[in-house]
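First comes the structure, then the notes that go with it.
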Amino acid sequence: MEFSPQIIALLFSSAIIAAFIQRVSGFGFGIFIMTLLPLFMPSYGESTTLSGLLALSQSLVVAIQMRKYIVWKRIIPMLTAFLLVSYITIGYVASFEYSFLMHILGITLIVLSIYFFFFSSKIHIKQSIPMQFGIGSISGVMGGFFGMQGPPAVLYYVQSEPDKNSYSAQTQVYFVTGNIFMSFVRAQNGFFTIDVGKAWIFAIAGVVVGTIIGSMVFKRISADKLKKVVYGYMAISGVIMLFK
C-alpha cells in the first residue's frame with residue numbers, strides 16, 4: 001500500500017476527530033474512524049485492527065490518568081463475557097457480509113439514544129453480574145465484527161457509575177483490555193500487517209492532539225451534559241451506520 005500525502009493527512013485528521021470524540025464522550029473512536037479506514041486500507045480486517053490499535057493507545061493514556069477511580073469488580077464480569085464472545089466473532093470477519101447488520105445496529109442505536117435522552121432521569125441501571133455478562137456479550141459481538149464495542153458498555157456505565165470520572169475510568173480500562181486482546185486475536189488471523197503498522201505511525205500524532213483537546217472539554221462538562229453528549233453522539237453513530 002502506498003501512503004500518499006493525501007492519505008497521511010486523512011489518517012492524521014481523522015485520528016484527531018476520533019480521539020476528541022472518544023475523550024469527551026468516552027466512546028466513539030471506532031465508530032467514527034471506521035467510516036473512513038475501509039476506503040483506503042487494503043482490507044476490512046486491517047481497518048478494524050488499525051482502529052483498535054489507535055483506540056487502545058488513547059484509552060491506555062486516559063486509563064492511567066483516571067486510575068484512582070478504577071473499580072475492577074465493576075469491570076471483570078463484563079470483560080470476561082466480552083473476551084469470550086469477541087474471540088469467537090473475530091474469526092468470521094474476513095467472510096462476513098456486514099452491511100445488513102450495520103443497518104440494524106444503526107437503527108438500534110438511534111432508538112436507544114432517543115429513549116435514553118428523554119427518559120434517562122427515570123432510568124436507573126444498577127450494577128449486577130448478570131447485567132454485566134449480558135452487556136459484555138453484546139459488546140463482544142459488536143467489537144469482534146465491527147471494531148465498535150463501545151455503545152453497550154457506555155450505556156451501562158454512564159447510567160450506573162456515580163460520577164463522570166468513575167464513568168471515564170471504567171470505560172477506558174474496559175476498552176484498553178478489550179483492544180489488547182482483540183489486537184492479538186486479529187494478529188493471529190493475519191490482520192496485523194506492515195501497512196497497519198505504518199498507518200498507526202502516521203495517525204498516532206493525531207490521537208495525541210485529539211486527546212489533549214478532548215481532555216480540556218471533558219474537564220469543563222457537567223455529568224448531565226456528558227450524558228446528553230453520549231446519547232447525542234450515539235444517535236449520530238446510528239445514522240452513520242445506516243449509510244454504510
Side-chain angles (χ1 to χ4, degrees), residues 15-33 54-79 82 109-110 112-129 131-132 134-136 138-139 142-143 148-180 207-238:
I16 291 177
I17 299 172
F20 173 82
I21 292 170
Q22 175 89 9
R23 184 64 187 97
V24 174
S25 67
F27 82 113
F29 192 103
I31 292 173
F32 175 80
I33 208 164
L54 292 171
L56 164 62
S57 302
Q58 181 191 31
S59 293
L60 179 60
V61 173
V62 178
I64 292 173
Q65 292 174 337
M66 311 297 288
R67 60 188 179 276
K68 69 178 181 179
Y69 299 101
I70 296 171
V71 182
W72 284 103
K73 68 180 181 180
R74 301 208 290 259
I75 301 173
I76 291 177
M78 188 187 299
L79 193 59
F82 168 79
L109 287 181
I110 293 172
L112 285 175
S113 63
I114 293 173
Y115 180 78
F116 274 87
F117 188 88
F118 289 105
F119 299 102
S120 60
S121 61
K122 299 178 181 179
I123 300 172
H124 302 285
I125 297 177
K126 295 182 178 180
Q127 296 278 352
S128 70
I129 291 179
M131 177 70 77
Q132 287 194 37
I135 296 294
I138 297 172
S139 182
M142 292 182 66
M148 303 175 188
Q149 67 267 35
V154 163
L155 281 177
Y156 177 73
Y157 284 124
V158 79
Q159 281 290 324
S160 61
E161 289 299 317
D163 55 60
K164 69 175 186 178
N165 291 321
S166 296
Y167 159 75
S168 181
Q170 311 326 317
T171 53
Q172 298 315 302
V173 170
Y174 177 75
F175 293 150
V176 166
T177 312
N179 276 317
I180 288 175
V207 171
V208 173
V209 173
T211 302
I212 293 173
I213 299 173
S215 295
M216 296 176 183
V217 175
F218 183 81
K219 289 177 182 178
R220 290 166 173 77
I221 195 170
S222 66
D224 288 338
K225 287 183 178 179
L226 175 63
K227 287 184 179 181
K228 292 180 179 179
V229 168
V230 169
Y231 303 146
Y233 187 67
M234 194 165 292
I236 294 172
S237 303

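The shortest non-hydrogen separation linking Val24 to Val229 is CG1-CG1, 4.2 Å. Summarising the geometry of Val176 relative to Ala63, their closest heavy-atom pair is CG2-CB, 4.3 Å, with the distance given to 0.1 Å. Lys73 approaches Gln132 most closely through the heavy-atom pair O-NE2, 3.9 Å.
To the nearest 0.5 Å, atom CZ of residue Arg23 and atom OG of residue Ser59 are 10.0 Å apart. Between Ile17 atom CD1 and Ile33 atom CD1 the span is 9.5 Å, to the nearest 0.5 Å. Between atom CG of residue Leu54 and atom CD of residue Gln22 there is a gap of 11.0 Å, rounded to the nearest 0.5 Å. Here CD of Gln65 is found 11.0 Å from CG of Asn165. Values are rounded to the nearest 0.5 Å. Atom OG in Ser128 sits 5.0 Å away from atom OH in Tyr156 (nearest 0.5 Å). Rounding to the nearest 0.5 Å gives a distance of 15.0 Å between CZ of Arg74 and CG of Leu79.
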Trace of the side-chain contact (heavy atoms from CB on, under 4.5 Å) decision for Phe218 with Ser168: CA-CA 10 Å; Phe218 183 81; Ser168 181; 3.9 Å; yes
Gln170/Met66 under side-chain contact (heavy atoms from CB on, under 4.5 Å): CA gap, chis, key distance, verdict: CA-CA 9 Å; Gln170 311 326 317; Met66 311 297 288; over 6 Å; no
Verdict with reasoning, Phe20 to Val217, per side-chain contact (heavy atoms from CB on, under 4.5 Å): CA-CA 9 Å; Phe20 173 82; Val217 175; 3.7 Å; yes
Intermediate values then yes/no, side-chain contact (heavy atoms from CB on, under 4.5 Å), Tyr157 and Ile135: CA-CA 10 Å; Tyr157 284 124; Ile135 296 294; over 6 Å; no
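Separation of the Phe82 and Tyr174 ring centroids falls under the 6.0 Å cut-off.
Applying the 6.0 Å contact sphere to CD1 of Ile129 captures no more than 12 heavy atoms from other residues, nucleotides or ligands.
Partners of Ser166 according to the side-chain hydrogen bond (donor to acceptor under 3.5 Å, both in side chains) rule, which considers only residues two or more places apart in sequence or in another chain, are Asp163. Applying the side-chain contact (heavy atoms from CB on, under 4.5 Å) test to Ala19 and every residue at least two apart in sequence or in another chain returns Phe29, Gln58, Val207, Thr211.
Inter-residue side-chain proximity for Val208 and Val61 is flagged as unmet; no heavy-atom pair is nearer than 4.5 Å. Looking only at side-chain heavy atoms (C-beta outward), Leu60 and Phe175 stay at 4.5 Å or farther from each other.
A donor-acceptor pair under 3.5 Å is absent between the side-chain atoms of Lys164 and the main chain of Val158, judged by distance alone.
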